[in-house]
Structure formats: C-alpha cells, structure tokens
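Worksheet for the structure shown next.
All heavy atoms count here, side chains included; hydrogens, waters and symmetry mates do not. This chain uses plain numbering: 1 for the first residue, then up along the sequence.
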Amino acid sequence: MLAVQDPLSGRQRPLVNAGYEKRLLDFLNRDYLLCRTYDIARRCDRPMRMCDYGPDFYRTQVYREFLDGAGYREGITLVLRSGEGHGRVTGLLTMSFSDSRAADDGARQGIEFVAPALGQFVDASLAPTWLASLLGNSAAAFIVNERGAAVPTSDDPQLPPEQLSGPVLAASRAFLVSGATALRGYCSRLGDARWEHAHLVRLADDRCVDGPRALLMLELHPLPCGLTERELDVLTLVSRGLSNRAIGLALGTSPRTIGTHVEHLLLKTGLANRAALASYAMENAVVRLGL
C-alpha cells in the first residue's frame, strides 16, 4: 500500500493498494497511526521490518488482530518524507509477505534507495513547494485551508506558521469560501511594524486532501508611495466605490477627515481623481486584507 497524508489535517488515505483487505486497509490509514510501532517507524530513517521491532511485535494488536490472521509473516513499513532525514511526513508505504524470508536486507535496501522519490511522489504540497521556490529570500509560502490552518511549503520556513497574522488567516478563509481564484493585498506582520504583501492562489481540487485550499505567498514589502496605515485603509475603501461619508462611518471618523486623506493620496500617487485612485488600488493590489 502507498498512502498519502494531508499536510493540514494529518489524515491519511490510500493512493495505491494491492492485496490488502478493506479492514486492514482502514486500520493502516487510521488507528495504526496511533500505535507504538508506527511511532518507531516515524522516528526511524530506514524501512522497518517486523523482525526489527523485536519479539514484542508479535504480541501487538497490529500483528495479532490484523497481520497474523491474514497469513502475513514478514513485512516492511516506511514512513515517507518530503526530503532526506527528518523532513515533513508525506505518506506511508507498507509491504506484507506470507514468506518470512521475503523482506531480506536486499529488499530493505531497495526500498530505502527509492524512499526520497516515493516521498515526493505522494507529497500533496509538491506543486506549491515548486511555486514557493521561485520566491525571494524575504518571502514565505504556506498551504492554507478554509479553517485557517496553515503549513509551510518548506521544511525550513522563513516565517513559522504561528507568526501568521490574524488578518492574513481571516482573508485566507474568506478567499476560499468566496470561490475566487486569486487575491492580493497588504497586511501588517504579527508583532512587527513592517508590512507584507500577500498573494493567495486557489489550488486545484485533490481527492487526497480534505476541502479547498490555497497557496499563500507572503513577502515583506513597504507600502508604496510612502502611504500611511490610515491612508491604505482609506484607499482600500475608495477602491470599493464608497463615499467619504461611508468611509468615515467604517473607520470611525468624519467625512472631512476622509476628504483630507483622499487629497493626500492623490498627491502621493500623482493621480488625477478618485476614479484613478480606485483603478490604481485594484490593479496594483494596494488594498488592506481583512478590512
């Protein structure tokens, strides 16, 4: 069996199966992931055979309830990863044999040789990883789902997922619910005075993962034209066609103050009128996410 693991939910599903009955297949992709033998295999860099676990293995639930009754006397378990060593878990390979001599050292070495390729083959984030590799050193990329969960596309992310700002995650959730294919805009980095530009791209549906998801790319980027935070807010609402009065109500200030901000925006951008401001904001994604 070759199984793929959803990097966001942690759920595992079989991609290829030859010979395993449904009961054993369901066990391998659900309850087995909580067993001590799987934990040992997960922490080991090499394929594990039944005999490698020692004599205690033949008294485990895995063997007594599932393998012994099916006539399996030996086998190989390999937890697949995104890279060499202890990369992110991407799936699982299991092979079971009725002949106890089948999983010899040569067989294990052969599986070990192809392990990196298999780990990439079942990697549900492979395409986003490739896209993220095109970004600069100041950028970070994540896969996000409609619940706001995020995993980095790199094993050594520039920005840990826990440092993603609330507005970015909220915008990601709203984006996936909306059905749009792409979204761009600015947000402030969590616990930081700097700004970052976000680009969300919806990923194609994948039967091996749960629900819609998107590639989120973030890059540190100052606000253009020397805009202030409040001017960005005003520009965002101008791009939606709101009047000064409506913008003032949304931001808790007077229409006169909003008019002053609009004048500053025209001066800083060199544009002629309000319509040109709206076009500039939409075409260049100079809007604030989450507003």
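With hydrogens and angles ignored, the 3.5 Å screen pairs a side-chain donor or acceptor of D104 with a backbone N or O of G106. Of the possible polar contacts, one joining the R49 side chain to the A103 backbone as a donor-acceptor pair under 3.5 Å is found. At distances below 3.5 Å, at least one donor-acceptor pair connects side-chain atoms of N145 with backbone N or O atoms of G148. No donor-acceptor distance shorter than 3.5 angstrom exists from the side chain of T253 to the backbone of G248, with no hydrogens or angles considered. Of the possible donor and acceptor atoms, one in the side chain of T90 sits under 3.5 Å from a partner among the backbone N and O of G119. Under a 3.5 Å cut-off, the side chain of T236 and the backbone N or O of R288 do form a donor-acceptor pair.
For residues 254-283, the salt bridge (charged side-chain N to carboxylate O under 4.0 Å, His left out) pairs, not counting sequence neighbours, are E231-K268.
One finds the CG atom of L169 at 11.0 Å from the CG atom of L289 (value rounded to the nearest 0.5 Å). Between the CD1 atom of I258 and the CG atom of L251 there is a distance of 5.0 Å, given to the nearest 0.5 Å. The line from CG of L291 to CG of L237 is 4.5 Å long, rounded to the nearest 0.5 Å. Rounding to the nearest 0.5 Å gives a distance of 10.5 Å between OG of S254 and CG of L249. Atom CG of L200 and atom CG of L215 lie 8.0 Å apart (nearest 0.5 Å). Taken from CG in L223 to NE2 in H197, the straight-line distance is 10.0 Å, to the nearest 0.5 Å.
Relative ring orientation between F57 and Y53 is described as parallel, the plane-to-plane angle staying below 30° on a 0-90° scale split at 30° and 60°.
Across all their heavy atoms, A150 and V144 have their closest contact at CB-CG1, 3.7 Å. The shortest non-hydrogen separation linking N29 to A3 is OD1-CB, 3.3 Å. In plain terms, the two heavy atoms of F113 and P116 that are nearest each other are O-CD, 3.7 Å. Scanning both residues, A115 and L80, for their nearest heavy atoms gives O-CD2, 4.2 Å. Here the shortest heavy-atom pairing between Q12 and G91 reads OE1-C, 4.3 Å. When all heavy atoms of R64 and R59 are compared, the closest pair comes out as NE-O, 2.9 Å.
There is a path of hydrophobic side-chain contacts, each under 4.5 Å, that joins L92 to V89. V287 and I247 fall into different hydrophobic clusters, where Ile, Leu, Val, Met, Phe, Trp and Tyr side chains are chained together by heavy-atom contacts under 4.5 Å. Hydrophobic clustering keeps V238 apart from M282 (ILVMFWY residues linked when any side-chain heavy atoms are closer than 4.5 Å, directly or through intermediates). One hydrophobic cluster, built from ILVMFWY side chains closer than 4.5 Å, holds both V79 and F27. Note on L67: it clusters hydrophobically with L25, by side-chain heavy-atom contacts below 4.5 Å among ILVMFWY residues.
At least one side-chain heavy atom of R202 sits under 4.5 Å from a side-chain heavy atom of F175. You'll find the side chain of M50 reaches within 4.5 Å of the side chain of Y63, heavy atoms only. Using a 4.5 Å heavy-atom threshold, the side chains of Y58 and C51 count as touching. Annotation: side chain of V262 is in contact with side chain of V234 (closest heavy-atom distance under 4.5 Å). Inter-residue side-chain proximity for L183 and H199 is flagged as unmet; no heavy-atom pair is nearer than 4.5 Å. Side-chain contact check for L28 versus L24: some heavy-atom pair is nearer than 4.5 Å. Looking at L2 and P14, their side chains never come closer than 4.5 Å, going by heavy atoms from C-beta outward. You'll find the side chain of H221 stays beyond 4.5 Å of the side chain of E196, heavy atoms only.
For E21, the CD atom sits in a loose shell: 12 or fewer heavy atoms of surrounding residues, nucleotides or ligands are nearer than 6.0 Å. Counting non-hydrogen atoms of neighbouring residues, nucleotides and ligands closer than 6.0 angstrom, the CE atom of M95 reaches no more than 12 such neighbours.
Note on E146 versus R213: no salt bridge recorded, every NZ/NE/NH1/NH2 to OD/OE distance being 4.0 Å or above. Salt bridge present: K22 and D26 bring a charged side-chain N and a carboxylate O closer than 4.0 Å. Between D52 and R46, none of the side-chain N atoms (NZ, or NE/NH1/NH2) sits under 4.0 Å from a carboxylate O, so this pair counts as no salt bridge.
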Checklist line | Step-by-step side chain to side chain contact (heavy atoms under 4.5 Å, CB included) determination, Y280 to V286 | finding: CA-CA 8 Å; Y280 165 77; V286 187; 3.9 Å; yes
Margin query: I'd like to know whether L93 forms a side chain to side chain contact (heavy atoms under 4.5 Å, CB included) with I111, so could you lay out the CA-CA distance, the side-chain angles of the two residues, the decisive distance to 0.1 Å, and finally the verdict.
Written below: CA-CA 9 Å; L93 171 70; I111 296 297; 3.8 Å; yes
Next item on the list: Could you give me the CA-CA distance, side-chain angles and deciding distance for Y20 and F66, then say whether side chain to side chain contact (heavy atoms under 4.5 Å, CB included) is met?
Entry: CA-CA 10 Å; Y20 286 116; F66 294 96; over 6 Å; no
Item checked: Stepwise side chain to side chain contact (heavy atoms under 4.5 Å, CB included) test for L164 and F142 -> CA-CA 10 Å; L164 289 175; F142 305 84; 3.7 Å; yes
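With a 6.0 Å cutoff to the six-membered ring centre and a 45° limit on the axis angle, R73 does not count as a cation-pi contact of F97.
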Table please: side-chain donor-acceptor pairs of residues 32-40 below 3.5 Å, with sequence neighbours left out.
| from | atom 1 | to | atom 2 | distance (Å) |
| --- | --- | --- | --- | --- |
| D39 | OD1 | R42 | NH2 | 2.4 |
| D39 | OD2 | R43 | NE | 3.2 |
| D39 | OD2 | R43 | NH2 | 3.3 |

